[in-house]
Amino acid sequence: MDSFMDAAAVQRLERYFQQIGDVLGEESRRGSFALYAMGLLGDGERKSVEPIAARACPDPERVDAMHQRLLHFAVDSKWSDRDVRRQAARYALEAMTQREPVEVWIVDDTGFLKQGKHSVGVQRQYTGSAGKVTNCQLGVSLSVATRTEHLPLDFELYLPELWANDEARRREARIPAEVTFKTKPQLALQMIDRAVEDGVPPGIVLADTAYGSSSQFRAHLRSRGLHYAVAVVPQTTVHQLDKNGRPQKDTRSVSDLALGIHERGGFRRSTWRQGTQEALSARFALRRVVAAGVPQREQEPLWLLIEWRDGEPEPANYFLVSLPKRRTKKQLIRLVMQRWRTERVYEDLKGELGLDHYEGRRFPGWHHHVSVALCCYAFLVAERARRFPPSARGAVEAHAQPLSA
């Protein structure tokens, strides 16, 4: 962090902490937030409460008192995660959107690897972070992105039914009474609804098959006035549109449709980005369809974009896109490929800001820790947006420097 913290940046950080402090209210909370945030922004390897306290307190005899103060702030102090996250998002979005508009909203989830079984929400479950079933918590996130910047707005802890329906576990983990079991798509929609209500600039919603395959998820987005470009499973059924734009009677799975297109030589190569080693390309096909099995009032013409990678026996991805007809295939490909930017954000949040370092077991503490990490990330994104005009930022992205470099 120190490499970019000149005097002007230090003043901006102080003003930013003041803005967050105004939301937190009590003077003791303001001070604890600043200590906690500086602990996450600093250079320490572990960024859980105890090592943050040790680094913040030069007097060894006062470390325990500092630890208790920060623990109280993270676990027991009654402050609103939503209000703090909203203020952080507004701060970063102001800097980001001065140069570029918001293009997309990205829904995704990431794992928080854990030992033992007492941390709230932990169980053996699949996480893409590890690429396997393992003992972990899962956090669902909502991010927004311009062409060159990417800002995580919100996170929710996925609470498995094993936890949501166990009264003893709920009491021990201090899970609020209003928090019930919700699927990952339901958690994502909860965050999307909050973002809409908070006036976040709209974008096209991107999501993987865990979210996009749900017709209810897609319908809810459209009911909120949002377009989507989401991955769906191969078994998803559609009606292809004829040349007059009318749905054909027969229903076909997107995988069956893809094989038919392939047999007729209908896939074409397209490059969407120049990677560090080589150009990123695959073969794609594009068709107009309507989703099958949804109420007629919810049916609308969609793009079906199919990606078939070299050397593979079947397509890698199928995307349903609700945008109007005035988009080229190249534009749609570039759009759906933006979803993978979230992986880099997770790496930064975990590697630079200790997102997954929280060692407490309780529901409020997990969310408070994540809120402070999101506040830190928002400040760093705003600083980067100020430092690099869009014309210069492409080179920064190409070298994939850590966020705080």
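Shown here for Lys182 and Tyr158, the closest heavy-atom pair between the two residues is O-CE1, 3.5 Å. Contact detail for Trp308 and Glu314: the closest heavy-atom pair is CZ2-CA, 3.5 Å.
Ion pairing between a basic and an acidic side chain is recognised when a charged N comes within 4.0 Å of a carboxylate O; Arg169 and Glu172 show no such pairing. A salt bridge links Glu359 to Arg46: one of the charged nitrogens lies within less than 4.0 Å of a carboxylate oxygen. Salt bridge present: Arg174 and Asp76 bring a charged side-chain N and a carboxylate O closer than 4.0 Å. A salt bridge is absent between Arg387 and Asp6; no separation between the charged side-chain nitrogens and carboxylate oxygens falls under 4.0 Å. Arg82 and Asp198 are joined by a salt bridge, as a carboxylate oxygen and a charged side-chain nitrogen come within less than 4.0 angstrom of each other. Ionic pairing of Glu298 and Arg222 is not present here: no N-O contact between side-chain nitrogen and carboxylate oxygen is shorter than 4.0 angstrom.
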- prompt: Between Arg170 and Asp166, does a salt bridge (Lys or Arg N to Asp or Glu O under 4.0 Å) hold up when you go through it step by step?
  reply: CA-CA 6 Å; Arg170 290 183 67 97; Asp166 187 323; over 6 Å; no
- request: For the pair Arg269 and Asp310, evaluate salt bridge (Lys or Arg N to Asp or Glu O under 4.0 Å) and give the outcome as yes or no after the intermediate values.
  value: CA-CA 10 Å; Arg269 179 164 301 282; Asp310 294 340; 2.7 Å; yes
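In this structure, Asp348 and Leu355 have side chains that are not in contact, with every pair of non-hydrogen atoms separated by 4.5 Å or more. Under the 4.5 Å side-chain criterion, counting only non-hydrogen atoms from C-beta, Glu312 is not in contact with Glu307. Considering only heavy atoms from C-beta on, Leu323 comes within 4.5 Å of Leu332 through its side chain. Counting heavy atoms from C-beta on, the side chains of His227 and Pro324 come closer than 4.5 Å. Between Ser129 and Lys350, some side-chain heavy-atom pair lies under the 4.5 Å cut-off. Side chains of Leu286 and Arg268 form no contact here, defined as non-hydrogen atoms less than 4.5 Å apart.
Judged by distance alone, the side chains of Gln137 and Ser119 never bring a donor and an acceptor atom under 3.5 Å apart. Of the N and O atoms on the side chains of Asp109 and Tyr211, at least one donor lies less than 3.5 Å from an acceptor on the other residue. At a cut-off of 3.5 Å, with distance as the only test, a side-chain donor of Asp22 or Gln18 sits close to an acceptor on the other residue.
Residue His369 is tested with Phe33, Phe363, Tyr358 for a ring pair (Phe, Tyr, Trp, His ring centres under 6.0 Å); the sole match is Tyr358.
Relative to the six-membered ring of Trp303, Arg287 misses at least one condition, a distance below 6.0 Å or an angle of at most 45° to the axis.
Between Trp366 and Phe112, the two ring planes are perpendicular [angle over 60°; tilted spans 30° to 60°]. In this pair, Tyr346 and Phe155 present their aromatic rings tilted. The plane angle is within the 30 to 60° band.
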